[in-house]
Amino acid sequence: MQLIDGKSTAQAIKEEIAAEVSTLVGQGKKRPHLAAVLVGHDGGSETYVAYKIKDCEQVGFKSSLVRYEDDVTEEELLDRIAALNADSDLDGFIVQLPLPAHISEQKIIEAIDPAKDVDGFHPVNVGKTVIGLPSFVSATPYGIVELIKRYSIETSGKNCVIVGRSNIVGRPLSVLMSQKAINATVTVAHSRTKNLKEVCASADILIAALGFPEFIKEDMVKEGAVVIDVGTTRVESSETKSGFRLKGDVDFEKVAPKCSFITPVPGGVGPMTRVSLLLNTLKAAKNR
Ligand code: NAP
């Protein structure tokens with residue numbers, strides 16, 4: 001069994017990005033610039049945005065934080081998005097989700113210029129991804145595919161089962177895994193899937209993205225399978241200072257001995273999601 005180390009892979013990619021930024025700046029070009037829009041004070045969102053700003057610093061990007069209180073109106077937010085779209089210094093921006101219930105997330109996503117949509121959530125980017133055109137691919141699927149490539153995992157003709165069909169993980173990942181560059185035969189499983197155990201056990205590559213800690217047990221995994229664990233659920237723990245730890249969707253201790261490759265949680269998909277936003281921002285800057 002080989003552990004897929006997302007943390008060190010993400011670090012290596014950050015170093016590659018930092019080197020590219022140095023070259024761009026050395027050629028007299030401007031530093032890539034990412035902005036994050038944060039509404040309210042949700043603890044998770046605050047943490048994610050803080051990481052994004054820190055990641056930018058580490059690779060030499062310029063970053064900006066645009067903050068609003070929970071009571072911002074949809075109209076105010078749409079006006080700000082129009083201004084960010086028009087800001088010629090800005091290469092890309094993200095609006096951290098979730099938003100308060102009085103704001104339509106879909107309306108906000110669709111207001112972002114697809115050329116600056118480095119989260120890859122705009123329907124234009126999703127549509128381009130589906131038909132294999134250059135696009136911004138959302139961070140988690142992008143990071144997973146990058147991990148698979150960097151570990152030279154054989155995908156052609158392999159059965160890939162993805163458990164979960166969300167718009168940010170399972171669905172776009174199913175599209176990427178079936179594309180000609182990857183050539184897997186893809187099954188997307190979800191909460192209505194019958195015989196899930198047998199479906200999972202048929203997978204050469206099993207990707208768990210459902211959000212239930214340790215849901216994937218050893219009898220659901222084929223001997224020699226590649227297992228990618230996307231799940232991150234905060235559970236109480238007496239072993240950490242914070243009183244919490246992150247758990248994946250896979251029962252790692254029992255499943256790992258059966259696998260050819262497996263990602264840990266934490267340290268697998270998570271760091272790759274973070275670095276993918278940087279890759280998209282670099283691409284946005286180079287596109288302009
Ligand atoms: P989501 O929007 O809640 O979607 C969960 C999916 O799992 C749904 O499609 C659901 O099916 C399916 N599902 C739920 N229970 C199931 C069951 N018992 N059997 C089979 N399928 C089931 O979740 P998400 O946003 O995709 O996130 C999934 C997990 O990944 C979460 O733990 C999240 O925190 C984590 N995540 C991690 C990263 C990272 O960077 N590491 C990034 C994004 C998400 P239905 O469609 O039928 O409801």
Side-chain angles (χ1 to χ4, degrees), residues 3-11 13-14 36 42-45 47-52 54-55 94-99 105-106 109 118-121 126 136-148 160-177 186-203 206-217 219-221 227-236 244-252 262-280:
L3 201 64
I4 299 179
D5 185 346
K7 198 171 166 194
S8 68
T9 307
Q11 184 54 37
I13 295 174
K14 273 190 188 169
D42 171 76
S45 295
T47 307
Y48 291 136
V49 168
Y51 282 151
K52 287 167 191 179
K54 188 171 145 216
D55 288 343
I94 62 117
V95 178
Q96 186 66 42
L97 303 179
L99 293 171
E105 289 187 354
Q106 196 55 33
I109 289 169
V118 285
D119 256 342
F121 293 161
V126 177
F136 294 116
V137 175
S138 57
T140 305
Y142 186 178
I144 291 169
V145 167
E146 198 59 31
L147 263 189
I148 287 173
C160 172
V161 174
I162 301 169
V163 188
R165 56 177 165 183
S166 72
N167 286 341
I168 62 163
V169 187
R171 176 93 51 209
L173 192 55
S174 70
V175 167
L176 296 176
M177 293 301 291
V186 180
T187 302
V188 181
H190 45 76
S191 65
R192 308 295 168 91
T193 298
K194 296 219 183 329
N195 306 324
L196 185 63
K197 187 163 111 179
E198 288 73 19
V199 172
C200 290
S202 74
L206 177 62
I207 305 177
L210 66 157
F212 278 91
E214 300 187 338
F215 182 90
I216 303 290
K217 304 288 182 199
D219 61 354
M220 298 170 83
V221 178
V227 173
I228 309 283
D229 190 351
V230 186
T232 45
T233 307
R234 252 165 64 107
V235 295
E236 284 184 14
F244 292 96
R245 61 177 289 215
L246 281 186
K247 262 207 191 298
D249 287 346
V250 176
D251 184 352
F252 185 89
I262 186 166
T263 60
V265 176
V269 173
M272 293 301 291
T273 297
R274 279 172 63 179
V275 87
S276 296
L277 178 65
L278 300 176
L279 286 170
N280 275 342

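Computed over heavy atoms, backbone and side chain alike; hydrogens, waters and symmetry mates excluded. As the structure lists them, so they are numbered: ligands from 1, and atoms in each ligand from 1.
Residue contacts with ligand 1 for T273 involve side-chain atoms from C-beta outward but no N, CA, C or O (heavy atoms, distance under 4.0 Å). Within the 4.0 Å heavy-atom criterion, the part of V169 lying near ligand 1 is the side chain and not the backbone. No part of V265 comes within 4.0 Å of ligand 1, judged by heavy-atom distances.
In the vicinity of T140, heavy-atom distances shorter than 4.0 Å reach the ligand 1 atoms 40 (O), 42 (C), 43 (C). For ligand 1, the atoms sitting less than 4.0 Å from at least one non-hydrogen atom of A209 are 5 (C), 6 (C), 7 (O), 28 (C), numbered in the order shown with element in parentheses. Annotation for ligand 1: atoms under 4.0 Å from non-hydrogen atoms of I168 are 25 (O). Distances below 4.0 Å separate heavy atoms of L196 from the following atoms of ligand 1: 19 (N), 20 (C). Those atoms of ligand 1 with a heavy atom of G270 less than 4.0 angstrom away are 40 (O), 41 (N). Applying the 4.0 Å criterion to heavy atoms of V163 picks out, from ligand 1, the atoms 20 (C), 21 (N).
Checking D55, T9, I13 one by one against V275, the side-chain contact (heavy atoms from CB on, under 4.5 Å) holds for a single residue, I13.
Taking only non-hydrogen atoms, the option from G231, S166, S276, A208 nearest to atom 24 (P) of ligand 1 is S166. Which of S191, G211, G164 comes nearest to atom 11 (O) of ligand 1 through a heavy atom is settled by distance: it is S191.
The closest approach between any non-hydrogen atom of T193 and ligand 1 is not below 4.0 Å.
Taking every heavy atom of both residues into account, D249 and F212 meet most closely at OD1-N, 2.9 Å. Looking at every heavy atom in both residues, S166 comes nearest to P172 through O-CD, 3.5 Å. Nearest heavy-atom pair across V49 and A36 is CG1-CB, 4.0 Å. In plain terms, the two heavy atoms of V230 and A209 that are nearest each other are CB-CB, 3.8 Å.
Counting only distance, with no hydrogens or angles, the side chain of E214 and the backbone of K247 share no donor-acceptor pair below 3.5 Å. Judged purely by atom type and a 3.5 angstrom limit, T263 uses its side chain to pair as donor or acceptor with the backbone of D229. The backbone N or O of G143 sits less than 3.5 Å from a side-chain atom of S276, completing a donor-acceptor pair. A donor-acceptor pair under 3.5 Å links the side-chain atoms of N280 to the main chain of V137, judged by distance alone. A donor-acceptor contact shorter than 3.5 Å links the side chain of D42 to the backbone of G44.
Between D249 and ligand 1, no pair of N/O atoms sits closer than 3.5 Å. For the pair R192 and ligand 1, the shortest N or O to N or O distance does not fall below 3.5 Å.
Here the protein heavy atom with the shortest distance to atom 15 (N) of ligand 1 is F212 CE1, 3.4 Å. Closest to atom 9 (O) of ligand 1, if we only count protein heavy atoms, is R165 N, 2.8 Å. For atom 5 (C) of ligand 1, the closest non-hydrogen atom on the protein side is L210 O, 3.6 Å. Of the protein's heavy atoms, T232 OG1, 2.9 Å lies nearest to atom 34 (O) of ligand 1.
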